[in-house]
Asks: 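Shown below is the structure under consideration.
Values below: every heavy atom of this structure, side chains too, minus hydrogens, waters and symmetry copies.
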2 protein chains.
Amino acid sequence: MESIQECNKMRLAIQDTIEVINGKWKLLIIASLTRKPYRFKELTRELGISPRMLSKELQDMEMNKLISRTVYESKPVTVEYALTDYGKTLNDVMNAMRDWGVKHRKKIMRG
Amino acid sequence: MESIQECNKMRLAIQDTIEVINGKWKLLIIASLTRKPYRFKELTRELGISPRMLSKELQDMEMNKLISRTVYESKPVTVEYALTDYGKTLNDVMNAMRDWGVKHRKKIMRG
DNA sequence: GTAAGTAGTTACCTATTGTATACCGGTTAC
DNA sequence: GTAACCGGTATACAATAGGTAACTACTTAC
C-alpha cells in the first residue's frame, strides 16, 4: 500500500509528463523518429497528419528539446527532424505504452 | 535500428493506448485509485476536477473496464470507484510516466 | 422549516484540436 | 514557359475538450 505522499508525488510527476506529450500526435511522431530522422512532408505522409497540425506539434516538441530541426542547404532545401538524446529518454514510456497497447488489443479481440 | 514493420506496430499500439487514457484526467484518477478506492466527491476534492468532467471520465473508464463502480446502500447512498485488475495492468505505464516526470522536473529546475 | 452532505446532470461558454483547401517562395525537370 | 517537388502558412470551418455555475433528487441533522 502506497503512502498518500507517494501518491501525490506520483500524480504531480504524471501530470508533468502528460503536459509534455499530450494530444494524439506527439508520441506517434516520436515513435517514427525513433527509427530514423524524417523530413516534414515525409511525416505528413507517414502519419496522415495535416501540415498545420504537424507544424504546431513539431514546434512544441522542439521547444521542449525532444526533437531537433536541421536545415540542409540542398536543392531544394530539405529540413530534417530528429529525436534528441533527451527525446530518447521517453523510450521507457513509449515501450510501456506499446506493450500495454498490444495486450489491450488482444483483450478487445477476445471480446 | 528497428525495422519499419516494428515501427508501424509500435505506432499502432501506442495509438491504441492513447485512445484509452487520453486527456488530462484519466491517469490522475487512476493514480489516486492505485492507493485506495474513492467516492465521487472525494475525487473531486482530491483532484480539483469538476463533477461534470469527473462523471464523464469515470464513465469512459468504466466502459473500458479500468475501474469498477459500486453503490453502497448506506444513508446517504455512497458510490465507490475502484481500480479493476485490468486497470492495474496500467501500472508499468504509470511508473514509466512517473519516473520520466520526476527527471523532467529536475531538468527544468536546472534550467 | 433550513442547512449540509450524498451523487451526479444540465446549460453555456471558450480554447484547443482537427480537416480541407488554397497559397507562397524557392528549385528542378521538361 | 509549365508542372512538380520542397517546407511550410493562411483561412475557414467543424468537432472535441475542458471549465463554470446552477440545479436535481435524496437523506440527515438541527
Side-chain angles (χ1 to χ4, degrees), chain A residues 11-12 14-33 36-64 66-84, chain B residues 11-12 14-33 36-64 66-83 97:
Chain A
R11 279 218 315 277
L12 183 62
I14 289 177
Q15 205 163 6
D16 286 346
T17 302
I18 289 176
E19 270 171 35
V20 175
I21 62 174
N22 63 352
K24 57 183 279 197
W25 292 114
K26 293 193 187 69
L27 284 181
L28 302 183
I29 294 168
I30 292 180
S32 292
L33 297 185
K36 69 176 184 72
Y38 273 80
R39 287 179 293 110
F40 190 88
K41 281 253 159 116
E42 280 182 322
L43 276 176
T44 65
R45 281 189 291 255
E46 173 121 347
L47 299 178
I49 183 177
S50 65
R52 172 173 126 79
M53 285 305 296
L54 180 57
S55 176
K56 184 190 153 296
E57 298 291 64
L58 290 174
Q59 283 173 27
D60 260 31
M61 294 166 69
E62 201 191 345
M63 276 206 316
N64 280 321
L66 300 180
I67 62 173
S68 62
R69 178 180 185 275
T70 310
V71 179
Y72 290 101
E73 295 299 343
S74 54
K75 309 286 178 142
V77 167
T78 55
V79 179
E80 200 172 82
Y81 292 94
L83 210 55
T84 62
Chain B
R11 278 217 316 277
L12 183 61
I14 288 176
Q15 203 163 6
D16 286 346
T17 302
I18 289 176
E19 271 171 35
V20 174
I21 61 173
N22 63 355
K24 57 183 278 196
W25 291 115
K26 292 194 188 68
L27 285 180
L28 302 183
I29 294 169
I30 292 179
S32 292
L33 296 184
K36 70 177 184 70
Y38 273 81
R39 288 181 291 109
F40 189 88
K41 278 257 158 114
E42 279 182 323
L43 276 174
T44 65
R45 281 188 291 256
E46 174 119 348
L47 299 177
I49 183 177
S50 68
R52 173 176 122 80
M53 285 304 297
L54 181 57
S55 176
K56 184 188 153 297
E57 299 292 62
L58 290 173
Q59 283 172 27
D60 260 31
M61 295 166 70
E62 201 192 343
M63 278 206 314
N64 281 320
L66 300 180
I67 62 172
S68 63
R69 177 181 184 275
T70 310
V71 179
Y72 290 101
E73 293 300 342
S74 53
K75 307 288 179 137
V77 167
T78 56
V79 179
E80 199 173 82
Y81 292 93
L83 210 55
M97 290 183 71

Asks: Name the nucleic acid region contacted by B/E42, choosing base, sugar-phosphate or nothing; use a 4.0 angstrom heavy-atom cut-off, strictly under.
Replies: nothing
Asks: Does A/E19 pair with B/K24 as a salt bridge, N-O distance under 4.0 Å?
Replies: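 Judged by the 4.0 Å cut-off on N to carboxylate O distance, A/E19 and B/K24 do not form a salt bridge.
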Asks: In whole Å, I'd like the distance from the CZ atom of A/R52 to the C1' atom of D/dA14.
Replies: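 Rounded to the whole Å, the gap is 12 Å.
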Asks: B/R69 has a side chain; which of D/dT9, C/dG8, C/dT6 sits nearest to it?
Replies: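 Nearest listed nucleotide: C/dG8.
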Asks: Ignoring the backbone of A/N22, work out which of C/dG5, C/dT17, D/dT9 is nearest its side chain.
Replies: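 Nearest listed nucleotide: C/dT17.
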Asks: Quickly work out the A/L28 CG to C/dT17 P distance and round it to whole Å.
Replies: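 Computing the A/L28:CG to C/dT17:P distance gives 15 Å.
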Asks: Given atom CH2 of B/W25 and atom P of C/dT16, what is their separation to the nearest angstrom?
Replies: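 It works out to 16 Å between those atoms.
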Asks: Could you check how far CG of B/L54 sits from C1' of C/dT6, rounded to whole Å?
Replies: 14 Å
Asks: With the threshold set at 4.0 Å, does a side-chain nitrogen-carboxylate oxygen contact exist between B/R39 and B/E42?
Replies: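 Salt bridge flag = yes for B/E42 with B/R39.
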Asks: Does OP1 or OP2 of C/dG8 have a side-chain N or O of B/S55 closer than 4.0 Å?
Replies: no
Asks: As a test of reading the structure: which of D/dC6, C/dT19, D/dG8 is closest to the side chain of A/Y81, going by heavy atoms?
Replies: D/dG8
Asks: Once you round it to whole Å, what is the distance between C1' of D/dG8 and OH of A/Y38?
Replies: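 Those two atoms, OH and C1', are 19 Å apart.
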Asks: Within this structure, what is the CD-to-P distance between B/E57 and C/dT9, rounded to whole angstrom?
Replies: 13 Å
Asks: Side chain of A/P76 only, please: which of D/dT9, C/dG26, C/dT6 is the nearest?
Replies: C/dG26
Asks: Does any non-hydrogen side-chain atom of A/L27 lie less than 4.5 Å from one of B/Q15?
Replies: no
Asks: What's the separation between atom OG in B/S50 and atom CH2 in B/W25, rounded to the nearest 0.5 Å?
Replies: 7.5 Å
Asks: Between B/K24 and D/dA17, is there a side-chain N or O to OP1/OP2 distance below 4.0 Å?
Replies: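 For D/dA17, neither OP1 nor OP2 has a side-chain N or O of B/K24 closer than 4.0 Å.
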Asks: Under 4.0 Å from OP1 or OP2 of C/dA7: is there any side-chain N or O of B/T78 that close?
Replies: no
Asks: Find the distance A/E19:CD to D/dA17:P and express it as a whole number of Å.
Replies: 18 Å
Asks: Taking any heavy-atom pair under 4.0 Å as a contact, classify A/Y72: base, sugar-phosphate, or nothing.
Replies: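 If one applies the 4.0 Å heavy-atom cut-off, A/Y72 turns out to touch nothing in the nucleic acid.
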Asks: Please check the phosphate of D/dG7 (OP1 and OP2 only) for any side-chain N or O of A/Q59 closer than 4.0 Å.
Replies: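 No, no such contact exists.
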Asks: Under a 4.5 Å cut-off applied to non-hydrogen side-chain atoms, are B/T78 and B/V71 in contact?
Replies: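 Not touching, per the 4.5 Å side-chain cut-off.
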Asks: Starting from C1' on C/dG8, measure out to CD1 on B/I49 and report it in whole angstrom.
Replies: 13 Å
Asks: Can you figure out which of C/dG18, D/dG7, C/dG5 approaches the side chain of A/F40 most closely?
Replies: D/dG7
